[in-house]
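Inspection log for the structure reproduced underneath, given as structure tokens.
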Amino acid sequence: MNKIILLISIIALTLTACKKDPAIPIPSFLTIHFTHTVDGVPLDLTTNESELPYTNGAGQNYNVKTLQYLISNISLETNGSTKTLKDVHFVDGEDASTLTLDLGELQNGTYSTLKFNFGLNEEMNISNAYVNEDFHTTMAWPDMMGGGYHYMILEGTFNNETTFYNTHLGGTMGNDYSFQYNEKTETSFFIDDKNGDIDITINMDVNEWYNQPNTITLTTDGIMGNNDMQMQLNNNGSRVFSNFVVYE
Amino acid sequence: MNKIILLLFVSTLFFACKKEEGCTDPLAFNYNSEAEKEDGSCEYPDPFTTTAHTIITPNGFPDMIHPSDNSLTEEGIALGEYLFNSPILSYSEGLACTSCHLQENGFSSPGTFSSNVNGVATPRNAMALINLGWVNDLAWDGRSTGLEAKVLGSITNPFSVNGTTDSLQVRAEKDAEFMALFSAAFNNKSITIENAAKGLSQYIRTLVSANSKFDKYLKGEVQLSASELGGYATFNSEKGDCFHCHGTQQFADNLFHNNGLDPEPFTNLGLGAITGNAADYGKYRATTLRNIEHTAPYMHDGRFATLEEVVEHYNLGGTYSSTIDPKMKKVGIGLQLTNQEKQDLVAFLKTLTDTYFVGSN
């Protein structure tokens, strides 16, 4: 009898010990990384003035010394709804802290489309609207040229080491030249309680600003007051960005 | 007899056991460390209080930078103003802040360089102290992060004011006004050069200039002349291209640029001497243009005596070097401004004078 009781006790204990706890949800944290290339090669902002490693569609050799830009209304589409991730983000190619955007925990769901605006749309592009942001003084666009903020400051030298170009994009004279990036993520991704963290990389290929459909010729003249040039660059913007997703 | 002995014994026991009464609170004025029983006699000092001071943020300015351990108070500002005008901080009592930072010059110096406490010329032009409450990386070369650090650096620098806590404490004992102001600002904290720097920093934060003719124009209170408006347009065009480094209502980005002053090799490395990065050689902070009419001479070494000379420097496009700012895109070409455009630019720059700030009215 005692043996039976002992055997039952051991079996009961073993079963209890092996019983799994209810599944603990694994949170998934989303991080967006910003990278920059020129014709697929990582952009180097530290080249010497005399080095002109890149060639645009007009056949001009150039380098890049400054790359700063704003993107806004960053969002993901999930199950037919839109999840806004951040209103405005400033990217400075020389400031590593701006190249990573931690966006916290992502709720369960299937995500398939990444959206953001390059620059600020008319509603957001107001002078002094972001007066307490770090980019305020760097990106401010004079009221006399429409006000608001630069969408992008892309600068360097071309043809030789002493000839500078300033590709400054913005809302010339109050026109809205921002545009929306609205693309399927390279692979739609599914978040449930078992997934780990998600990394999305948004890449800008700088040369695409100058190549298609409009071939842009770099000059020493500023383009902030040039509506035609702003429109051409706006059109070229559709090929500039791409994204890919990585599960960690 | 035995009864008497017994009575004495009991009495002794009674008095031996009686606890001394008094104030037992260490925070009280009359704290009695011998007292074992509180008798309700504690007397307390009035609680130390200061009066918070608020600076109204000018239109288009960000929130002012305030360190958490040095909030603005009326008392701290009063102490700072006293120190700003007194030589009490300097090693030989020969210099006050006002020796190099005169109000009529926008709290800068009219000299190319200033003399330090030993009578030796400083290596840089004394900077204007205008709206520094909004600047984080200070000095021409960004050597100080935060106003308190900059002020402390200046007043303790052996090649400048050369102040020390010891010398301040010795003089403080003979200076009743200082002692009263210090006590009001910092209660019973130690008289140290660091606390003096905090008071000075508070005062410098109050040196706010945002009521120029141009500000009044933006508010619709005055009109600008045709020449001034012409200069305003050139300033904000890519032809003049002043706004990239001197934009917004602050008229400064307070960042570091090489604006084409010198060829290489640089004799003065600017920001590069601080960071050790060759890419920073020849870069200096772009300071505010507010009150620029009164802050001559110009640039970190005071090389330009007039605004006309400054405008001509930019009109010629500057001197190429490997760290020149890409926004100096007309280097070697020049802006090609007409004489009228140059005159207009100077006229516009003079609308940034805040007459009250420089003590003209």
Side-chain angles (χ1 to χ4, degrees), chain A residues 45-51 62-68 92 94-95 126-150 153-168 170 172 218-226 229, chain B residues 57-65 134-136 218 229 231-255 257-258 260 264 277-280 286 288 317-336 348:
Chain A
L45 290 165
T46 62
T47 53
N48 293 326
E49 295 289 320
S50 57
E51 293 179 63
Y62 69 101
N63 64 27
V64 178
K65 309 302 289 185
T66 310
L67 176 59
Q68 299 164 319
D92 182 345
E94 290 188 296
D95 182 353
I126 307 295
S127 293
N128 297 328
Y130 302 97
V131 72
N132 282 313
E133 297 291 336
D134 287 345
F135 63 78
H136 172 68
T137 54
T138 300
M139 302 301 277
W141 185 277
D143 287 344
M144 292 197 83
M145 284 197 275
Y149 294 87
H150 288 71
I153 295 175
L154 171 60
E155 301 169 336
T157 61
F158 67 100
N159 292 349
N160 60 62
E161 63 185 4
T162 63
T163 308
F164 289 85
Y165 70 91
N166 283 190
T167 302
H168 290 199
T172 298
L218 299 172
T219 75
T220 60
D221 293 328
I223 61 169
M224 291 176 67
N226 187 335
M229 189 62 79
Chain B
T57 304
N59 184 41
F61 280 54
D63 297 336
M64 187 178 275
I65 302 166
W134 287 276
V135 183
N136 195 50
L218 290 181
L229 285 170
Y232 179 36
T234 301
F235 186 96
N236 285 294
S237 71
E238 281 200 279
K239 183 176 185 184
D241 210 345
C242 310
F243 65 91
H244 272 118
C245 300
H246 296 284
T248 74
Q249 267 81 346
Q250 294 191 74
F251 287 93
D253 68 3
N254 288 307
L255 300 176
H257 306 273
N258 174 349
E264 293 169 288
N277 185 349
D280 293 330
T288 183
T319 301
Y320 174 79
S321 62
S322 64
T323 62
I324 192 171
D325 197 294
K327 292 180 180 69
M328 296 287 292
K329 55 186 179 292
K330 295 295 184 180
V331 61
I333 303 169
L335 302 179
Q336 300 179 23
F348 170 67

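Chain letters run A, B, ... following the sequence lines, proteins first, then strands; residues in each count from 1.
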With A:T167 via side-chain contact (heavy atoms from CB on, under 4.5 Å) - residues at least two apart: A:M152, A:L154, A:Y165, A:L169, A:Y210, A:L218, A:I223, A:L233
Just to verify, which of A:N63, A:T163, A:T47 counts as forming a side chain to side chain donor-acceptor pair (under 3.5 Å) with A:T157? A:N63
Any chance CG of B:N277 has more than 12 other-residue heavy atoms, nucleotides or ligands included, within less than 6.0 Å?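 Yes, CG of B:N277 has more than 12 neighbouring heavy atoms, counting only those of other groups under 6.0 Å.
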Pick one of side chain, backbone, both or neither for A:M224, based on which atoms fall under 4.5 Å of a heavy atom in chain B.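 It is both, since atoms from each part get that close.
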Part of A:T220 within contact of chain B (heavy atom distance under 4.5 Å):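 Interface part for A:T220: both.
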May I ask you to decide whether A:D221 forms a salt bridge with B:K239, counting only side-chain N to carboxylate O separations under 4.0 Å? no
If you tally heavy-atom pairs under 4.5 Å between each of B:M328, B:Q250, B:H244 and chain A, the highest tally belongs to B:H244
If you count heavy-atom pairs under 4.5 Å with chain A, which of B:N59, B:D63, B:D253 comes out on top? B:D63
Rounded to the nearest 0.5 Å, how far apart are CZ of B:F243 and CE of A:M144?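 Those atoms lie 11.5 Å apart.
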Which portion of [X] sits near chain A, non-hydrogen atoms under 4.5 angstrom:
X: B:A233; answer: both
X: B:K327; answer: both
X: B:F235; answer: neither

May I ask you to decide if the ring planes of A:H168 and A:H150 are parallel, tilted or perpendicular, using 30° and 60° as cut-offs?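 Rings of A:H168 and A:H150: perpendicular, over 60°.
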What residue, out of A:N132, A:D143, A:T137, has the most heavy-atom pairs lying under 4.5 Å from chain B? A:N132
Which residue out of A:M139, A:H136, A:E133 racks up the most heavy-atom pairs below 4.5 Å with chain B? A:H136
With sequence neighbours excluded, tell me which residues meet salt bridge (charged side-chain N to carboxylate O under 4.0 Å, His left out) with B:D241.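 Partners of B:D241 by the salt bridge (charged side-chain N to carboxylate O under 4.0 Å, His left out) criterion, ordered by chain and then number, come out as B:K329.
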